[in-house]
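Structure first, then comments.
Bear in mind that the values here come from a model prediction, so they are computed numbers and not experimental data.
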2 protein chains.
Amino acid sequence: MANTRDDVVSGALRVLDAFGLEFCSMRRVASELGVQPSALYHHVPDKQTLLALMADRIVAGVEVGDDPAKAAHALREAMLAVRDGADVVATASAFRLGDSRIENELAELTTPDLARTLLLYVFGHTQATQMHRQAAQIGILAEDPDLDASFARGLDLILR
Amino acid sequence: MANTRDDVVSGALRVLDAFGLEFCSMRRVASELGVQPSALYHHVPDKQTLLALMADRIVAGVEVGDDPAKAAHALREAMLAVRDGADVVATASAFRLGDSRIENELAELTTPDLARTLLLYVFGHTQATQMHRQAAQIGILAEDPDLDASFARGLDLILR
DNA sequence: ACCTGAACACCGTTCAAGT
DNA sequence: ACCTGAACACCGTTCAAGT
C-alpha cells in the first residue's frame, strides 16, 4: 500500500485535472492518496517541487522532432489536455529558462533566440486560451471561437 | 482616516513590492492600512479584483505611442519596476485577452495578431526575467547577464 | 522507508454589529 | 459609508512518534 514519488505525482495530477490549480492543495492530494498531509513530505520537499514534477509529466510525451511549428502545436495540446496545465508548465518553466529539455531541443533545431521566443509565445497564448475557456465555461465571458486560429497565425508571425 | 478604493490599491502595491506576491495577502494589506481584513471587502469584492486593479495601476503609465518596439520596452520596464509585477499583470491580462487598453492600442498600430503575439511574448519574457532574477538574488541560480539583450532579439524576431 | 497525529502560523471570505 | 470582532473552512510545513 506504500506510495512512491510517482504515485504522489499521479495523485496530484488527478486532483489538478478534477479541481483545478486553485484547489490542488497538499491536503487534497494527500486525501486523494488516502494518506495524511505530512506523509507527502516524505516523497517531496515542498509543494513547488511537486508542481515542477507535475509539469515534467504533463509535457513528457511531447516530441520536438524536426518541425518547430509541429512541436509548438504538440506542446500546446499537451498543456491543454490537463486542467490548468498551461499555468503549471509555464510557471515551472520560467524557473528554468534556458535549461528545459524542450527549449534545448528547439534551440538545436533553430536558434536559441527563436527557441525561447517560440516557447514563451506558446506558454503565453496557451495560458490565455485555457483561462479564457474556463471563464467562458462558467459563463463569465463570451467564448472566443478563434483561439486556435489565433495561435497558428501568431506562430506564423514568429516562424516566418 | 477613512480609506478609499485607491488607498487599498496603493497599500496592496506597497505590500507587493516589499514582500512579493506570495505574501501579498488580504490580511497583510489590511494591516498595512491599519484596518481589519474584513474592512477591505467594503472596497473590493474579492482578492482577484484587487489584483486586477493593481495590474491596471502598474501599467497605467505605459504609453503605446507609434513604435511597437518602444511600447514593448516601456511595458517591460513598468512591470519590472514592481516586485512580481510581471506575474500580476500577465495573470490579469490573460483574463481579458482581446480587450485590454494596451492590446487595443497596439492592434491599431499594427494588426490584431501581431499585437497579441507581441503582448504574450513581452509578458512571458518579462515574467521569466523577473523570476530568474529573484532566484539569482537568493543565490539559487547563476544570474543570466543577457536577459535584456535576449528580450530585444526576440522582439526583433517578431517585428521583423 | 513510509506513515500518523498534533501542532504552528497562517489564508480568503462572511456577517452581524457598531459609528 | 466605513469599519470591528468573531467566526468558518481552509492552507503549507514541521516534528516526534509509530510500524
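- Rounded to an integer number of Å, the gap from CD of B:Gln36 to P of D:dA7 is 13 Å.
- In this entry D:dG12 has C:dC8 as its Watson-Crick or G-U wobble partner, both defining distances falling under 3.5 Å.
- Between B:Asp66 atom CG and B:Glu108 atom CD the span is 13.0 Å, to the nearest 0.5 Å.
- Comparing D:dA16 with C:dC3, their C1' atoms are spaced 13 Å from each other, to the whole Å.
- A distance of about 22 Å separates the P atoms of D:dA9 and C:dC10, rounded to the whole Å.
- Rounded to the nearest Å, the gap between the C1' atom of D:dC8 and that of C:dC11 is 12 Å.
- Following rounding to the nearest Å, B:Asn3 (CG) and D:dA1 (C1') show an atom-to-atom distance of 12 Å.
- Atom P of nucleotide D:dG18 and atom NE2 of A:His42 are separated by 18 Å, given to the nearest angstrom.
- Between the side chain of A:Arg83 and the backbone N or O of A:Leu21, no donor-acceptor pair lies under 3.5 Å.
- Rounded to whole Å, the distance from CZ on B:Arg27 to C1' on C:dT13 is 9 Å.
- Aromatic ring pairs are classed by plane angle as parallel below 30°, tilted from 30° to 60° and perpendicular above 60°; the pair A:Phe151 and A:Tyr121 is parallel.
- For the pair A:Leu33 CG and C:dC3 P, the computed distance is 9 Å after rounding to whole Å.
- Spacing between atom CE of B:Met26 and atom P of D:dC3 amounts to 13 Å, rounded to whole angstrom units.
- Atom CG in A:Leu40 sits about 17 Å away from atom P in D:dC15, given to the nearest Å.
- Listed nucleotides C:dC3, D:dC11, D:dC3 differ in distance to A:Ser25; the shortest reach to its side chain belongs to D:dC11.
- With hydrogens and angles ignored, a donor-acceptor pair closer than 3.5 Å exists between the side chain of B:Ser38 and the base of D:dG5.
- Comparing A:Pro45 and B:His43, the nucleotide of DNA chain D nearest to each residue sits closer to the 5' end for B:His43.
- Pairing for D:dT19 goes to C:dA1, judged as Watson-Crick or G-U wobble with the two contacts each under 3.5 Å.
- You'll find that the side chain of B:Ala39 is closest to D:dC3, out of C:dT13, D:dC3, D:dT13.
- If you measure from atom NZ of A:Lys47 to atom P of D:dC11, you get 9 Å, rounded to the nearest angstrom.
- The distance from the CE atom of B:Met54 to the OG1 atom of B:Thr49 is 12.5 Å, given to the nearest 0.5 Å.
- The shortest side-chain heavy-atom distance between A:Arg116 and A:Leu97 falls under the 4.5 Å cut-off.
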